[in-house]
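Here the structure comes first, spelled out in C-alpha cells, and everything after it is commentary.
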Amino acid sequence: MQGTELVTLVNTQVVPICIFLIMMGMGLSLVPNDFKRILKYPKAVSVGLLNQLILLPIIGFTLANIMPLEPEYAVGVMLLVLCPGGTTSNMFSHIAKGDVALSVTMTAVASLITVFTIPVVLNLSLVHFMGEGSEFQLPLIPTIISLMGLTIVPIAIGMLIKSFAPRFADSSQVLVSRFGILFLTLLIIFLTYVQQDIVVSAFIATGPVSLILNISTMALGYYSSRWFGLNAAQTTSVTIEVGLQNSTLSMFMALTLLANYKMSFTPAIYTLVMLFTAGVLVRFLRARVNLPASQAQT
C-alpha cells in the first residue's frame, strides 16, 4: 500500500470507525435515568453546560484571534472548543473521585447539542480565519448527518446494549476507555509521521495557545463551580469536563471533513498538554475531595 493510499484509508475509514466505537463506549455507561439528572441536579448540569457550550467557544475564539497563529492553527483551536467532553474526561473524573454520573451526563448532552452547533459555528470560523472565498466550507445538512452518525447513533446503540446486556456493557467500559486513549496516541503518532517536516514548527506555534486554553478553561470550570456553590465532587467533574476536550472528534473533522492536516495539529498538541495537566489536576482535586467538609468549603 502506497503512502497516499494509507493516508486516505486512515482518514476516511480507520478514524471514523474508531470514533464510532469510542462514542458507543460512552453509550455503554448511559441509562435513560442519566438524562433525568438534568432535572434532579439542574444547577450542576447548567453550570457545566454553560461553560462547555458558551464560555469555552468564546475563550477559544478570543485566543485564536489574539495569539499569533496561522489561519489553519486558529481553526484548529475552534475545532477543539466546539467539541467539549468525551470519554477521556469521564475517565479522569473517575480517577479524580469526581461526580462521574454528572460527567457522563454533561458529555452526553453536549454531544447531542454540538451535532447542530458545530457546522454553523465552524463555518463562521472558517470564513473569519480563512477568508470569504476560502475553499474550506462544510455543507450544513450533510455535516449534521455525518456527526449524528458518529455521535448520536453509536451512543444510542451503546445505551441499547447497556439496557439488554448490562454486565457486558459494564465490563466493556474500561476496555473502551483504554482503547480511546490508545487510539488517540496512535493517531498523534500517525500525524507526526505524515507531517514530520512541520512538527517542530507546529508545536512551537500551537503549544503556547494550547497551554493557555487548557489552563484557562480548567480555571473557568473550577472557579465558576465554586462560585455557584457546587460540592467538591461536582466541582471536580465540571473542571475536568471544561478543560478536557474531545480532541479525537476535532481531529476527525480536520482530517476527514476538512481534509487538512495542518488544522489537526492544534487538537493533537492540545491532547499532549491536557493529558499532562489533567494528571496534575487529578492529584490536586483528589486531595480536595478527601479534605474534611469544613476545610473543603474554605
Side-chain angles (χ1 to χ4, degrees), residues 15 18-31 34 37 44-45 48-49 51-52 56 80 83-112 114 150-151 154-155 157-159 161-162 166 168-189 210 214-215 217-218 221-222 225 232-252 267-268 270-290:
V15 173
C18 289
I19 291 179
F20 187 96
L21 293 175
I22 291 169
M23 298 304 290
M24 186 171 69
M26 184 192 304
L28 292 174
S29 65
L30 284 170
V31 294
D34 287 323
R37 194 170 288 105
V45 176
L49 293 177
N51 282 322
Q52 285 183 306
L56 178 59
L80 267 172
C83 300
T87 54
T88 304
S89 61
N90 303 153
M91 182 185 70
F92 272 99
S93 287
H94 172 72
I95 297 172
K97 296 185 177 181
D99 187 334
V100 179
L102 172 63
S103 176
V104 172
T105 300
M106 287 172 55
T107 299
V109 174
S111 297
L112 297 178
T114 53
L150 287 175
T151 54
I155 288 175
I157 292 174
M159 290 181 67
I161 295 174
K162 173 76 171 179
F168 173 77
D170 293 340
S171 63
S172 301
Q173 285 179 44
V174 175
L175 294 177
V176 174
S177 296
R178 291 175 179 174
F179 170 74
I181 296 292
L182 175 62
F183 172 68
L184 193 54
T185 303
L186 293 176
L187 184 57
I188 292 174
I189 293 173
S210 296
N214 182 243
I215 293 176
T217 52
M218 287 195 300
Y222 179 77
S225 297
Q234 292 171 335
T235 297
T236 294
S237 290
V238 171
T239 302
I240 291 173
E241 279 290 318
V242 180
L244 272 64
Q245 316 312 327
N246 192 343
S247 48
T248 308
L249 184 59
S250 302
M251 284 188 274
F252 159 76
Y270 186 87
T271 300
L272 301 177
V273 172
M274 79 177 187
L275 291 179
F276 172 77
T277 57
V280 176
L281 180 69
V282 163
R283 291 181 63 88
F284 169 74
L285 292 176
R286 278 175 65 98
R288 185 162 188 82
V289 169
N290 289 329

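Heads up: numbering here begins at 1 and tracks the sequence.
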Could you grab the distance from atom [atom1] of [X] to atom [atom2] of [Y], nearest 0.5 Å is fine?
| X | Y | atom1 | atom2 | answer |
| --- | --- | --- | --- | --- |
| Thr239 | Leu281 | OG1 | CG | 6.5 Å |
| Thr217 | Met274 | OG1 | CE | 10.5 Å |
| Asn90 | Leu30 | CG | CG | 8.5 Å |
| Ile95 | Phe92 | CD1 | CZ | 5.5 Å |
| Ser237 | His94 | OG | NE2 | 11.5 Å |
| Thr151 | Phe20 | OG1 | CZ | 10.0 Å |

Taking side chain as C-beta onward, heavy atoms only, is [X] less than 4.5 Å from [Y]?
| X | Y | value |
| --- | --- | --- |
| Asp170 | Lys162 | yes |
| Thr114 | Gln52 | no |
| Thr277 | Leu244 | no |
| Ile22 | Leu249 | no |

Quick one: does [X]'s side chain have a donor or acceptor within less than 3.5 Å of a partner on [Y]'s backbone?
| X | Y | result |
| --- | --- | --- |
| Asn214 | Gly243 | yes |
| Thr107 | Ser103 | yes |
| Ser29 | Met26 | yes |

So, for [X] and [Y], which heavy atoms are closest and what is the spacing to 0.1 Å?
| X | Y | value |
| --- | --- | --- |
| Thr236 | Ala96 | CG2-CB, 3.6 Å |
| Pro154 | Met23 | CG-CB, 3.7 Å |
| Ala233 | Lys97 | CB-O, 4.1 Å |
| Ser250 | Leu80 | OG-CA, 3.5 Å |
| Ser225 | Thr235 | CB-OG1, 3.6 Å |
| Gln245 | Leu56 | OE1-CD2, 3.2 Å |

- Item | Stepwise side chain to side chain contact (heavy atoms under 4.5 Å, CB included) test for Leu275 and Thr88 | CA-CA 9 Å; Leu275 291 179; Thr88 304; 4.1 Å; yes
- Item | With sequence neighbours excluded, residues passing side chain to side chain contact (heavy atoms under 4.5 Å, CB included) with Thr105 |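 For Thr105, the residues satisfying side chain to side chain contact (heavy atoms under 4.5 Å, CB included) (neighbours in sequence not counted) are Asp34, Arg37, Ile38, Val109.
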- Item | From Asn246, Leu187, Ile19, residue fulfilling side chain to side chain contact (heavy atoms under 4.5 Å, CB included) relative to Phe252 | Ile19
- Return the set of residues passing side chain to side chain donor-acceptor pair (under 3.5 Å) with Ser247 (not counting sequence neighbours), or none when no residue passes.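 Scan of Ser247 (side chain to side chain donor-acceptor pair (under 3.5 Å), adjacent residues dropped) gives Thr271.
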